[in-house]
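Order of appearance sets the numbers: ligands from 1, and atoms from 1 within every ligand.
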Amino acid sequence: MTEKITVALAGNPNVGKTSIFNAITGSKQHVGNWPGVTVERKMGKRKHKDIEMQIVDLPGTYSLTAYSLDEIIARDFIIEEKPDIVVQVIDATNLERNLYLTTQLMELGTKLIIALNMTDLALAKGDSIEVQKMQEFLEVPVISTIGSRGGGIEDLLDSITEEIHRTRTNENVFVYDGEIEKSADELGNVLADDPYYSHYPSRWFSMKLLEGDENIIKKAKESGNYPQIRKILQRTDADSFEAKIADQRYKTIQTMLRQVCNINTDHLSGSDMVDRVVTNKYLGIPIFLSLMWAAFEVTFTFATPFMNIIDIFFGWLAETASDVITISWLASLVGDGMIAGVGSVLIFLPNILLLFFMISLMEDSGYMSRAAFIMDKVMSKIGLHGKSFIPLIMGFGCNVPAIMATRTIEDSRDRLITILIAPFVSCGARLPVYVLLAGAFFGRDAGIVIFGLYALGIFVALISAKLMRSTIVKGEDTPFIMELPSYKIPTLKGSILHMWERGKIYLKKAGGIILIGVVGIWLLASIPAPGSGGTFASEEIYGTTDSMIGFIGQIIEPLVAPLGFDWKIAVALMFGVVAKEIVVGSMGVLYGVGDNEDSLTEILAAGAMTPLAGLGLMVFTLLYVPCFACIGVIKRETGSWKWTVFQLLYGTGLAWIFAFVLYQVGSRIGLFA
Ligand code: GDP
Ligand code: MG
């Protein structure tokens, strides 16, 4: 009979948990060279020696206190769901910091195995670690691994299967000084009297009470004998206890480290030298901006030949469809609706792939963490945490995971502000809109225009944070220590995988929500407007003001007319709320790309819109209502419709004002005329 067990992967952020998870389960979860990539737990399966393992990848945490949501998620999983084994992944190049978590995991009393990861980097640095001695000291199995290359995974699995049948508890390795131990014992006795606590590891619960952990104290308050607990706690000074406990944990760790490893300290690594330059006070930000700019230039320039190929393909497809399909409305649905709509979105696949290839190079090498580090100063000037910058950078891909990544932010007000400003970071879905319009109107300057839009997004996000900080979400600043991960040479495989992750999402969207969106638009463009008397899908009414979509468009047109947008743009923006790529898709349908020799870019450049209105449309697309998925996650993570609606109104208001000023002032002074 096969046995079923649950194995939880825990550890500090960025130590290689997800890499090991992927190596064990064969899945392809996102790994990133910065802290805070995994904020939700991920599950996977693996069978080894007749044991069926359910593997859980937990969010990275530095400790198991209740400082931030991700720490609570990790510890609640271990306490409430009681995995059979916890594997703590440790970064061998940063033992002290990592072992701090070990001390806490040991107190939880679960079976523990240590995966000593990044041993390749430790070796390269010249450190030597005696695994055997470490194992003896900690009394738990220690297995060397190289997560990114799958090294040591078999050993790890073997160790899990052995450990599962061994009875051993390592609850008491860390012994504190007399006063702490005495209070812990007393608390332990009180806890033992009440079955309410039988669910929790008693020693851990006592220690947490002594440390003054709010979340645990709240739990204790619900029990019958809380008065007794309070009596013991009142005698103690939680602040000094917390400090003492931490201090003693570090002392024990240092004692062990002296015995088990020899760390090469006089090695000024290449990494340190690079850091001196890229995090330099004066050079840091210019370097970051130049890299981002280069990324957009490359995205725009190198993608063009591939875009032309896709364009030719869809042109051919549309032609073939109209030749083959004889029923005229069906030909129109396929040609003018599906192919024109989805085609005008898919044409930007090369841009998406290239941009994310470059972003993943920056991520995987560890450079992006430096970017967050240099931004910390800027961020703290506006009263935000440097930690907020990580979710913002993740937003380049998609705002939804970015908003989820705010769970690593401890302070709830910081977190709220970060959620509210996250949608201003330009996500991948907006890129097609920029590439289309910048390509049509700004030709060779397209790269810089797109760079400008990304910069504008970040700028608006930062200014908004400052505004909110000083008005509606006041609060204290919290200090932030950013840990810089070591530089790693990005593997081609890793970067291609990231690029493909994004590409796949884009393709899936094109075949799903975007297809549905453009078919919806085609339908509305084919149904006669009330009272127009036309026939369904006839050429006379299709996509004109005599169609339903023209009818709707004209109703909402006055709202955007002062921005220089016509009814077609109004409709495109309306549908763009479903997914922002649909702005492009619906323009493809409405400007009649299907039966036209010219591409959408050519049609636009030929005068369907002025360059100024085009620029305004890009700015508007950047700032207005985020897509449905994003609205949903804002609601979920803030837990409040009030804040969600606030974000929508605020963003759309800003979008309108920016585009209005741009168009009105620009057309008076003859900008881009
Ligand atoms: P997590 O945050 O703990 O889930 O860490 P990830 O799995 O996302 O990995 C963080 C970074 O370390 C990624 O860039 C990985 O490719 C890299 N990495 C993971 N394990 C190793 C290892 O053993 N050696 C080296 N050199 N890099 C690793
Ligand atoms: Mg991870």
Interfacing atoms of ligand 1 (cut-off 4.0 Å, heavy-atom, [X]):
X: Thr18; result: 1 (P), 4 (O), 7 (O)
X: Val15; result: 1 (P), 3 (O), 5 (O)
X: Leu121; result: 26 (N)
X: Ser19; result: 6 (P), 7 (O), 9 (O), 15 (C), 19 (C)
X: Lys17; result: 1 (P), 2 (O), 3 (O), 4 (O), 5 (O), 7 (O)

Is [Y] paired with [X] through a side-chain N to carboxylate O contact shorter than 4.0 Å?
X: Glu211; Y: Lys208; result: yes
X: Asp120; Y: Arg149; result: yes
X: Asp158; Y: Lys49; result: yes
X: Arg430; Y: Glu581; result: no

Legend entry - Under-4.0 Å heavy-atom contact with ligand 1, by part of Ile146 that carries it: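 Both backbone and side chain.
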Ligand 1 to [X] polar contact by distance, N or O atoms, under 3.5 Å:
X: Asn117; value: yes
X: Pro13; value: no
X: Asn14; value: yes

Inset, instruction - Apply the test ring-ring contact (aromatic ring centres under 6.0 Å, His included) to residues Phe396 and Tyr454: give CA-CA distance (whole Å), side-chain angles for both, the deciding distance (0.1 Å), then the verdict. - result: CA-CA 9 Å; Phe396 286 149; Tyr454 275 78; 5.7 Å; yes
Legend entry - Intermediate values then yes/no, side-chain contact (heavy atoms from CB on, under 4.5 Å), Glu52 and Ile5: CA-CA 6 Å; Glu52 210 171 288; Ile5 61 165; over 6 Å; no
Legend entry - Side-chain donor-acceptor pair present, Thr299, Asn351, cut-off under 3.5 Å: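 No, no side-chain donor-acceptor contact under 3.5 Å.
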Inset, instruction - From the options Pro59, Ser365, Ser148, select the one whose nearest heavy atom is closest to atom 16 (O) of ligand 1. - result: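 Minimum heavy-atom distance to atom 16 (O) of ligand 1 goes to Ser148.
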